[in-house]
Visitor: 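Pasting in a structure now, in structure tokens, and then I'll have a few things to ask.
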Amino acid sequence: MTDSSVTFHGWASTGSVQLQPWSYHPRALGPRDVEIQISHCGICASDIHTIKGEWGPLVQGTCIAGHEIIGTVVARGVDQAEKFAIGDRVGVGAIAESCQTCEYCTRGLDQQCAQRTFSFNDTYKVEQDEHRRGVTYGGFADGVRVPGDFVYKIPDAISSAEAAPLMCAGSTTYAPLAHHGAGPDKRVGIYGIGGLGHMALQWARAFQAKEVVAISTSDDKRDEAKQLGATRFVNSRDKDSMKQASGSMELLLVTSFGPDTDYNELLSLVANNGTCVLLAVPEKDISLSVSSLLGRHINLTAWLLGGRTAIRQMLDFAAKHNVRPWIETMPMSDANAAIKKAMDGFPRYRVVMHTGVVEEP
Ligand SMILES: [Zn+2]
Ligand SMILES: [Zn+2]
């Protein structure tokens with residue numbers, strides 16, 4: 001059931017990275033829904049993989065990507081009237097829906113719910129409610145309707161442009177660092193200083209980790225990594241510095257990969273009984289030397305996104321500790337140039353599109 005009285009204008013992919021202007025009528029506003037007039041949307045690597053068709057065919061062949069959405073509430077269903085006022089500044093991340101009752105949802109791990117629905121290029125799965133069906137369209141548009149339980153109020157201290165990347169890059173790095181206890185008793189390594197890694201360095205500093213080690217293939221990132229909170233920088237192409245750092249990190253986040261990323265060498269950085277968390281999906285499966293992990297009791301794990309609880313905590317924590325993404329903003333009317341910049345323009349460190357709607361706090 002679509003609402004022909006409302007039209008959202010967005011930038012859609014039909015399987016190529018070249019986006020086209022495309023409009024749609026959203027589903028009818030359900031009692032649990034919130035309608036958002038979008039002011040900003042960040043560009044994430046997942047958007048690019050999806051619109052290129054690298055992660056499988058598009059749902060219904062046409063996709064409006066974008067899952068770092070910020071805007072203002074312009075309408076809400078009856079069940080959301082107490083929670084949201086018209087004009088509230090809000091955000092939406094990668095997840096638009098989950099069952100909220102299963103063992104994962106009740107532990108704050110909505111990303112593992114069998115009924116989890118991504119906020120773009122997905123289909124709502126909770127069938128008992130006619131308003132919770134249909135395809136999801138994301139934030140590369142001027143508006144969106146989303147279940148209000150997955151809409152988050154943005155603290156006044158955080159600008160809308162800076163809030164956008166917090167919704168995915170921010171929560172995806174905050175959640176595993178918080179879960180694995182990054183803090184004064186741990187030396188924390190961050191491999192890959194890009195969209196995710198530049199957030200992870202800042203969280204680790206704000207958690208007061210014993211040491212914050214930036215590990216990068218590029219020496220150009222040395223000064224910026226220090227500004228972002230690194231107490232130490234290791235060039236992963238420099239065998240001697242990698243050797244010196246071996247066995248020194250109780251927690252290592254792997255936020256990116258390259259064609260020559262050596263995972264065995266990365267794991268050698270982890271201290272005995274320490275933990276390595278994989279956040280990025282390499283193009284090919286990786287091979288690991290189990291014997292080198294076994295004697296040192298290395299925990300190898302992985303993490304996807306942040307759940308609702310983590311997103312709320314992350315927003316408050318970012319406001320309090322002044323953690324902000326470094327961004328380059330571009331108009332959404334120039335969406336293809338913005339995508340190109342995010343793909344191969346070496347942004348420092350995240351591209352955020354704005355629709356021209358002014359609504360700063
Ligand atoms: Zn993302
Ligand atoms: Zn669930």
Visitor: Does some side-chain heavy atom of Tyr124 sit less than 4.5 Å from a side-chain heavy atom of Thr136?
Guide: yes
Visitor: Does Arg222 reach the side chain of Asp219, with side-chain heavy atoms less than 4.5 Å apart?
Guide: yes
Visitor: Under 3.5 Å, is there a donor-acceptor pair between the side chain of Asn299 and the main chain of Gly274?
Guide: yes
Visitor: Kindly indicate whether the side chain of Glu35, heavy atoms from C-beta on, has any atom under 4.5 Å from the side chain of Val146.
Guide: no
Visitor: Can you run down the side chain to side chain donor-acceptor pair (under 3.5 Å) pairs that involve residues 342-353, sequence neighbours left out, and say none if there aren't any?
Guide: Glu68-Arg350, Glu224-Arg348, Glu224-Tyr349
Visitor: Any side-chain heavy-atom pair from Thr309 and Ile311 closer than 4.5 angstrom?
Guide: no
Visitor: Whether Asp185 and Lys210 form a salt bridge (side-chain N of Lys/Arg under 4.0 Å from carboxylate O of Asp/Glu) is what I want to check.
Guide: no
Visitor: Closer than 4.0 angstrom, basic N to acidic O: yes or no for Asp122 and Arg116?
Guide: no
Visitor: Considering non-hydrogen atoms only, spot the tightest contact between Gly15 and Leu58 and give its length.
Guide: N-CD1, 3.2 Å
Visitor: Got a salt bridge between Asp240 and Lys243, using NZ or NE/NH1/NH2 to carboxylate O under 4.0 Å?
Guide: no
Visitor: Could you tell me whether the side chains of Trp203 and Thr173 share a donor-acceptor contact shorter than 3.5 Å?
Guide: yes
Visitor: Side chains of Lys52 and Met343, heavy atoms from C-beta outward: is any pair under 4.5 Å?
Guide: yes
Visitor: NE2 of His198 to CD1 of Ile193: how many Å apart, nearest 0.5 Å?
Guide: 10.5 Å
Visitor: Without hydrogens or angle criteria, can the side chains of Asp3 and Ser5 be said to hold a donor-acceptor pair below 3.5 Å?
Guide: yes
Visitor: Among Tyr24, Phe140, Trp22, find the one that has a ring pair (Phe, Tyr, Trp, His ring centres under 6.0 Å) with Phe8.
Guide: Tyr24
Visitor: Check Glu211 with Arg205, please: is the shortest side-chain N to carboxylate O separation under 4.0 Å?
Guide: no
Visitor: Give a yes or no on whether a salt bridge exists between Asp33 and Arg27, defined as a side-chain N under 4.0 angstrom from a carboxylate O.
Guide: yes
Visitor: Please enumerate all residues that pass side-chain contact (heavy atoms from CB on, under 4.5 Å) together with Ala206, with sequence neighbours excluded.
Guide: Phe317, His321, Val323
Visitor: Excluding sequence neighbours, so at least two apart, what forms side chain to side chain donor-acceptor pair (under 3.5 Å) with Asp47?
Guide: His67
